[in-house]
There are 2 protein chains.
Amino acid sequence: MTRNDCTEQQILTLLNGLCNKIHHKFEHCTGISSSRLEILHELCGGIEVKQSMLQKHINIDNAAITRHLKQLEAEGMVTRRKNPDDNRETFVRLSDEGLEKIEGYKIEKENFIRQILKDFDDKEIPILADFLERMKHNISINKEL
Amino acid sequence: MTRNDCTEQQILTLLNGLCNKIHHKFEHCTGISSSRLEILHELCGGIEVKQSMLQKHINIDNAAITRHLKQLEAEGMVTRRKNPDDNRETFVRLSDEGLEKIEGYKIEKENFIRQILKDFDDKEIPILADFLERMKHNISINKEL
DNA sequence: ACTCAATAATTGAGGGGTCAACTATTGATG
DNA sequence: CATCAATAGTTGACCCCTCAATTATTGAGT
């Protein structure tokens, strides 16, 4: 095992550790789960969005989307109705209450990001974004494996 | 919202996406969950390790460690016994079968890492490790929040 | 000695995500 | 027009993780 292999192993360990904690920390800091907030963010424009579109943009499972939306609906944050032109589809929309609350969440979210990136300077941010983007890409292309 | 804020938001989204997938992908590729493999890795030396030590090194919850070890024990990968000098503690040790299997897992793990980092060059790897290390640190210091 | 606080491990509840199986609805094809 | 495949969403089973409450054991202080 070369020295570089060693660092690579460490990267995986770090990534695992980070991933184990981040969701929980995010929710603890902001008061809402990161996936839920991403859903609300997608709906921010105020227009109706198809559930399948949300699923693709947030990039989580169908089942997860269904459960999040059901919960968000129960909390009065979103409204859902079937597409009259195609009863298979569901339209989702931010409720007035949701629109009101999301502003607060956004602020908390920004605070959270600032916390995580607090010692990163302006040059490092885009590099980090690039690294993450590439890893995300590399991790998702192995559909055949 | 400045342009930089925008990239920061994107980083969080990427991180979330990556974190959502990585555990599952890892297990799918290697045949074992990343946490379990880290546990086995800690035991690789062949000596008995206290369960509480494992918990600290792997950095997951007590409850999670207990469940992983119970399962690994059921699979015959590890052996557990109470510390005769302090019955609160538990010693964990890799079984012969575990020792045998872990080699294969290590290879799969390295393949997985290579897959994720396949377009990273030698200069980028340590930078990425540093970034992750810092984020991990930043995320864990907010115990008061 | 006896009580009381600290430590280790376990269990239960709850939240996140995945996959697989199932229903309903649509649309295309013979 | 009837059938059959594709699409959207739902539900169940299962894995991972956290926190909180509980049990057992130890050690320290009166």
Side-chain angles (χ1 to χ4, degrees), chain A residues 15-39 48-56 58-75 78 80-92 139-140 142-143 145, chain B residues 15-39 48-56 58-75 78 80-92 139-140 143:
Chain A
L15 214 43
N16 275 328
L18 207 53
C19 291
N20 281 345
K21 313 283 184 201
I22 195 166
H23 289 299
H24 191 257
K25 289 281 185 179
F26 183 91
E27 180 154 6
H28 186 260
C29 290
T30 64
I32 190 172
S33 91
S34 44
S35 294
R36 295 250 176 100
L37 188 48
E38 290 207 51
I39 290 173
E48 290 185 311
V49 177
K50 280 189 279 189
Q51 185 164 324
S52 55
M53 278 300 140
L54 285 175
Q55 187 255 309
K56 278 172 197 141
I58 311 294
N59 193 28
I60 56 178
D61 194 66
N62 274 330
I65 282 285
T66 293
R67 284 159 191 147
H68 280 310
L69 288 176
K70 278 194 158 181
Q71 191 57 38
L72 286 170
E73 193 176 29
E75 292 166 8
V78 304
R80 293 197 299 166
R81 71 180 181 105
K82 290 207 164 181
N83 178 356
D85 296 333
D86 185 342
N87 275 293
R88 289 172 302 184
E89 297 180 334
T90 301
F91 285 145
V92 188
I139 214 175
S140 57
N142 64 338
K143 302 215 171 174
L145 282 184
Chain B
L15 214 42
N16 275 327
L18 208 52
C19 291
N20 281 344
K21 312 284 183 199
I22 195 164
H23 289 299
H24 192 258
K25 289 280 184 181
F26 184 90
E27 180 155 5
H28 187 262
C29 291
T30 65
I32 190 172
S33 90
S34 44
S35 294
R36 295 249 177 102
L37 188 48
E38 290 206 51
I39 290 173
E48 289 186 312
V49 177
K50 278 190 280 188
Q51 185 163 326
S52 55
M53 277 302 140
L54 285 176
Q55 187 256 310
K56 278 173 196 139
I58 312 294
N59 194 29
I60 56 178
D61 194 66
N62 274 331
I65 282 286
T66 292
R67 283 159 190 144
H68 280 309
L69 289 177
K70 277 194 160 182
Q71 192 56 39
L72 286 171
E73 194 175 28
E75 292 166 7
V78 304
R80 292 197 298 166
R81 70 180 181 106
K82 290 205 164 182
N83 178 356
D85 296 333
D86 184 342
N87 276 294
R88 291 171 300 182
E89 298 180 333
T90 300
F91 285 144
V92 188
I139 215 175
S140 58
K143 301 215 172 173

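D61(B) meets the salt bridge (Lys or Arg N to Asp or Glu O under 4.0 Å) test with no other residue; sequence neighbours excluded. For H23(A), the side chain to side chain contact (heavy atoms under 4.5 Å, CB included) criterion is met by S34(A), N16(B), C19(B), N20(B), not counting sequence neighbours. Every residue two or more places apart in sequence or in another chain was checked for a salt bridge (Lys or Arg N to Asp or Glu O under 4.0 Å) with R67(B), and none qualifies. With sequence neighbours left out, the side chain to side chain contact (heavy atoms under 4.5 Å, CB included) criterion links R88(A) to D86(A). Take E75(B) and apply the side chain to side chain contact (heavy atoms under 4.5 Å, CB included) test, not counting sequence neighbours, and it matches R36(B), Q71(B), L72(B), M77(B). Residues that satisfy the side chain to side chain contact (heavy atoms under 4.5 Å, CB included) test with N62(B), not counting sequence neighbours, are Q55(B). In terms of the salt bridge (Lys or Arg N to Asp or Glu O under 4.0 Å) criterion, residue partners of E89(A) (sequence neighbours excluded) are, by chain and number, K50(A).
Between the C1' atom of dG17(C) and the CD1 atom of I22(A) lies a distance of 15 Å, rounded to the nearest Å. At whole-Å resolution of the value, CG in L54(A) and P in dT7(D) are 19 Å apart. Per the geometry, CG belonging to N83(A) stands 17 Å off P belonging to dT7(D), to the nearest Å. In this structure, L15(B) atom CG and dG17(C) atom P are separated by 14 Å, rounded to whole Å. One atom, NE2 of H28(A), and another, C1' of dG15(C), lie 14 Å apart when rounded to the nearest Å. In this structure, Q71(A) places its CD atom 12 Å from P of dG14(C), rounding to the nearest Å. The CD1-C1' distance, from I32(A) to dG14(C), rounds to 17 Å in whole Å. Distance CD (E75(A)) to C1' (dG15(C)): 12 Å, rounded to an integer number of Å.
Among the candidates I39(A), V78(A), I65(A), the single residue satisfying the side-chain contact (heavy atoms from CB on, under 4.5 Å) test with V92(A) is V78(A).
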Revision key, fill the gap. Readout for nucleotides 9-20 of chain D: B = base within 4.0 Å of protein heavy atom, S = sugar-phosphate only, - = neither; 5' to 3' it is SBBBB--SSBB-
Between N or O atoms, less than 3.5 Å apart, protein on one side and nucleotides 2-5 of chain C on the other: list the pairs.
none

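No donor-acceptor pair under 3.5 Å is formed between the side chain of K56(A) and the backbone N or O of Q51(A).
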